[in-house]
Amino acid sequence: MESRIQFHQTDLLKDLEPNSFDFVVSNPPYVGESEEDQVQLEVRKFEPRRAVFAGPTGLEVIEQLIPAACAALKPDGWLVMEMSVSIADGVRQLLGSWRDMRTANDLQGIPRVASARKAQQPSRSSRFQLLRLHYWGCV
């Protein structure tokens, strides 16, 4: 497997080759600062703050990750990311132009993972029209 899988650690996919990945899998910070008292004590005490809290709403990092993933993914590539139930509707909206968007529940039945597929590259004849619609269905 080692020769077939490449792992990259980056800051939201910076400096990666566009249209070069089949999958982007992320566990971004997704907790809003207003939810701090709802986070498990062990997480608040021992995890780095910036690994857990994304900003006021919890969507701030994901709002940057989605367009970065769109640029890095090949047509039909998948973005898979962890999220919380409190931002699930916001994530669905942000992925609204992607294909096959779905959420998966954790063992407690709470929406925990969002996945979506980047649209295929348009043909040359339709490319101009799609440019006005946020190139390749990515926002």
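In this chain, residues are counted from 1 in sequence order.
Residue Glu82 holds its CD atom at 9.0 Å from OG of Ser26, rounded to the nearest 0.5 Å. To the nearest 0.5 Å, atom CG of residue Leu13 and atom CD of residue Gln64 are 11.0 Å apart. For the atom pair CG (Leu94) and CD1 (Ile62), the distance works out to 8.0 Å, reported to the nearest 0.5 Å. For the atom pair Ile110 CD1 and Ser84 OG, the distance stands at 9.5 Å (nearest 0.5 Å). With values rounded to the nearest 0.5 angstrom, Asn19 atom CG is found 8.5 Å from Cys70 atom SG. Annotation: the span from Thr57 atom OG1 to Glu63 atom CD amounts to 6.0 Å, rounded to 0.5 Å.
In this structure, Trp98 and Leu73 have side chains that are in contact, with non-hydrogen atoms separated by less than 4.5 Å. By the 4.5 Å heavy-atom criterion applied to side chains, Ile66 and Met81 are counted as neighbours. For the pair Asn105/Pro111, a side-chain contact is recorded, criterion being any heavy-atom separation below 4.5 Å from C-beta on.
Annotation: salt bridge (charged side-chain N to carboxylate O under 4.0 Å, His left out) contacts involving residues 40-50, sequence neighbours excluded, comprise Glu36-Arg49.
The main-chain N or O of Gly77 is never found under 3.5 Å from a side-chain atom of Lys118 such that the two would form a donor-acceptor pair. Here the side chain of Glu60 pairs a donor or acceptor atom with the backbone of Gly58 at under 3.5 angstrom. In this structure, Glu35 contributes its side chain and Gly32 its backbone to a donor-acceptor pair below 3.5 Å.
Taking a 4.5 Å side-chain heavy-atom cut-off between Ile, Leu, Val, Met, Phe, Trp and Tyr, the cluster of Leu41 contains only that residue.
Hydrophobic clustering (ILVMFWY, side-chain heavy atoms < 4.5 Å, transitive): Val43 and Met83 are in one cluster. At a threshold of 4.5 Å between side-chain heavy atoms, the hydrophobic network of Ile, Leu, Val, Met, Phe, Trp and Tyr places Val25 and Val61 in two separate groups. Both Tyr30 and Met101 sit in one connected hydrophobic cluster of ILVMFWY residues. Membership requires side-chain heavy atoms under 4.5 Å apart, directly or through other members.
Listed by chain and residue number, Asp89 satisfy the salt bridge (charged side-chain N to carboxylate O under 4.0 Å, His left out) test with Arg92 (two or more places apart in sequence, or in another chain).
Evaluated for a side-chain contact (heavy atoms from CB on, under 4.5 Å) with Val80, the options Val113, Val24, Asn27 yield exactly one hit, Val113.
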